[in-house]
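Down below is the structure, laid out as structure tokens.
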Amino acid sequence: MKLWEKGINPEPAIIEFTAGRDRKTDLHLTKWDIIGSMAHVIMLHDVGLIEAGEKNDMLKALHSLFVWDEEGTLVIEKDVEDIHSQIEKEMASILGTTGKKIHTGRSRNDQVLVDIRLYTREEIDTLASLISRLFNKLQSLSNQYKEVLLPGYTHMQPAMVSSFGLWFGAYAECLCDDLLLLSGARAINNTNPLGTAAGYGTTLPLNRKLTSELLEFDELLFNSAYASLSRGKVEMAVASALASLAQTLSRFSMDICLYMSAEFRFIDFPDEYVTGSSIMPQKRNPDVFELIRGRSNILQMLPGEVAMLASNLPSGYNRDLQLLKQLIFDAFTDLKESIEIMLLMLNNIKIRKNITDNPLYNTIFSTEEVNRLVKEGIPFRDAYKAVSEMVRNSSFSKTAIKDYVHEGSIGNLCNEEIAKIFNERLKVFKNKSAAEMADKLMGYAK
Ligand code: ARG
């Protein structure tokens with residue numbers, strides 16, 4: 001069954017190729033296709049295109065499809081192209097003539113846009129709450145180990161005194177900026193394309209403001225032609241935010257792998273959380289963080305993939321756009337799984353104390369020695385030169401955390417200030433779940 005069949009049997013190989021992976025991956029969109037359809041039906045009745053009885057029957061039928069989806073019994077059948085076609089087929093088989101009215105005044109083009117935006121909004125909100133859990137974990141580790149010193153590196157050479165407080169706290173603040181980018185992507189995503197039909201509007205008198213309110217979009221996406229152009233643009237904004245988050249996860253994972261190596265031994269994990277080798281009995285490997293690093297590094301190519309796919313397309317719908325879905329679905333899955341496993345690992349991280357007692361790190365206190373002389377009134381460059389002479393064989397007196405007072409230093413981490421900004425940024429990620437939306441929309445079935 002094809003929605004567009006008109007008496008000629010399409011060649012099966014063409015249908016298989018063009019449906020691609022949609023029969024499987026469109027299942028990510030099912031509940032949102034149903035919810036978008038519920039709002040559409042309520043609106044069709046509001047503008048007089050269907051009767052009250054038809055609206056009620058359609059809402060009830062859509063709700064039963066929602067339940068089937070939750071139970072896992074709604075599938076896209078072999079001869080059906082995508083989720084939009086499957087839902088229409090189910091509606092016609094439950095309701096007959098009335099079911100066939102569901103596509104009045106819309107196209108699969110605006111339908112898929114709405115579905116993707118509702119899906120993306122939920123995924124962004126889920127990701128934001130995972131980011132928040134990771135942020136809180138990093139900040140609590142930062143506070144817990146704020147007194148434990150760590151050599152800070154530049155050029156991969158021991159440079160200055162750092163601390164676990166500074167290191168964990170740095171990645172927490174990194175997430176704070178990732179969250180800001182994610183909120184920007186969320187805002188671009190959260191406008192309503194429903195009613196733009198194939199990308200050129202319709203002569204039917206739709207009430208687009210009503211569907212925007214029902215689906216809790218921030219605003220209309222006004223221009224019908226922009227609606228199809230927006231596919232690829234929204235994904236670009238989302239991809240950039242996801243890539244930024246991926247960069248944070250990747251760099252943190254790199255640090256972990258390095259710090260866990262035998263040469264560093266700054267941190268460790270219990271035996272149950274590391275992996276072994278099939279040949280070398282001694283191995284304790286940080287595979288989890290290597291895989292997070294690998295997945296995250298691939299994810300940093302996501303904006304490039306989206307750009308390549310969308311950049312030379314003419315305006316209007318083009319089938320190439322179908323391929324965007326897979327990229328975005330996989331990216332959310334990768335990031336959610338990576339953060340979950342990272343949280344599990346961080347709950348079990350072991351921190352080594354007294355790392356900076358190793359004579360290898362004596363010189364990391366030399367800049368503080370320069371500063372000590374500066375405080376005695378010696379010009380900085382003279383103090384620098386004097387200490388340079390001493391560097392090779394001297395062990396400088398250890399700097400104490402309390403010697404650092406300015407904001408953002410090891411003695412004054414400002415974690416509370418960072419948390420305040422983070423929690424302010426978190427406030428926008430707050431939409432209803434699909435089940436809550438479906439219940440709300442069922443309130444229109446009398
Ligand atoms: N599976 C399609 C996609 O994701 C749905 C839209 C189909 N529209 C069309 N004009 N063929 O893009």
Side-chain angles (χ1 to χ4, degrees), residues 1-6 8-37 40 65 69 74-92 102-123 189 192-202 204 211 221 224-236 238-239 302 305-333:
M1 190 252 2
K2 311 293 159 296
L3 294 176
W4 41 269
E5 249 174 67
K6 303 174 225 30
I8 300 167
N9 271 346
E11 162 63 41
I14 302 298
I15 296 308
E16 273 316 296
F17 184 75
T18 54
R21 299 198 206 149
D22 270 16
R23 281 194 201 102
K24 193 156 167 270
T25 55
D26 264 13
L27 295 176
H28 285 102
L29 302 178
T30 310
K31 58 188 181 182
W32 297 116
D33 199 80
I34 294 168
I35 284 166
S37 299
H40 187 64
L65 295 180
D69 178 51
L74 188 71
V75 293
I76 303 173
E77 293 159 26
K78 185 112 191 63
D79 66 333
V80 176
E81 269 188 301
D82 52 30
I83 190 59
H84 327 293
S85 313
Q86 185 67 39
I87 301 281
E88 182 165 338
K89 184 180 178 194
E90 301 286 0
M91 289 298 281
I102 187 91
H103 211 54
T104 311
R106 70 177 182 179
S107 153
R108 279 184 298 166
N109 294 354
D110 63 339
Q111 208 175 337
V112 70
L113 284 169
V114 174
D115 296 0
I116 293 170
R117 282 164 183 254
L118 295 174
Y119 159 86
T120 301
R121 185 171 75 189
E122 185 186 51
E123 289 295 304
N189 177 67
N192 180 24
L194 189 57
T196 59
Y200 301 96
T202 164
L204 296 171
T211 53
L221 184 162
S224 297
Y226 174 53
S228 31
L229 283 172
S230 80
R231 199 165 174 196
K233 203 164 183 63
V234 169
E235 282 83 351
M236 194 62 186
V238 172
L302 188 62
E305 290 179 290
V306 172
M308 286 305 286
L309 193 65
S311 61
N312 62 354
L313 296 182
S315 60
Y317 176 81
N318 302 277
R319 194 69 180 262
D320 320 41
L321 295 169
Q322 175 170 300
L323 303 174
L324 282 170
K325 289 184 292 193
Q326 189 71 50
L327 298 177
I328 298 293
F329 296 159
D330 287 352
F332 278 116
T333 305

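All ligand and atom numbering here is 1-based and tracks the order in the structure. This is a predicted model, so every value here is computed, not measured.
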Is there any protein N/O under 3.5 Å from an N/O of ligand 1, and what does the full list of such pairs look like?
unit_1   : atom_1 : unit_2 : atom_2 : d
ligand 1 : 1 (N)  : Asp22  : OD2    : 2.8
ligand 1 : 1 (N)  : Gln322 : OE1    : 3.0
ligand 1 : 4 (O)  : Arg231 : NH2    : 3.1
ligand 1 : 4 (O)  : Lys325 : NZ     : 2.9
ligand 1 : 8 (N)  : Asn109 : OD1    : 2.9
ligand 1 : 10 (N) : Asn109 : OD1    : 3.1
ligand 1 : 12 (O) : Arg231 : NH1    : 2.8
ligand 1 : 12 (O) : Arg231 : NH2    : 3.4
ligand 1 : 12 (O) : Tyr317 : OH     : 2.5

Margin query: Go through it in stages, so that I can follow the logic: the residues are Glu16 and Arg23, the test is salt bridge (Lys or Arg N to Asp or Glu O under 4.0 Å), and I'd like the CA-CA distance, side-chain angles, deciding distance and then a yes or no.
Written below: CA-CA 10 Å; Glu16 273 316 296; Arg23 281 194 201 102; 3.2 Å; yes
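Between Glu122 and Trp32, the closest side-chain pair of non-hydrogen atoms falls below 4.5 Å. Residues His84 and His103 form no side-chain contact, since every pair of their non-hydrogen atoms from C-beta on lies 4.5 Å or further apart.
Judged by distance alone, the side chain of Asp26 and the main-chain N or O of Asp82 form no donor-acceptor pair under 3.5 Å.
What you find for Gly316 and Ser228 is that their closest heavy atoms are CA-OG, 3.7 Å.
Defined by atom type and a distance below 3.5 Å, a donor-acceptor pair is missing between the side-chain atoms of Thr333 and Asp330.
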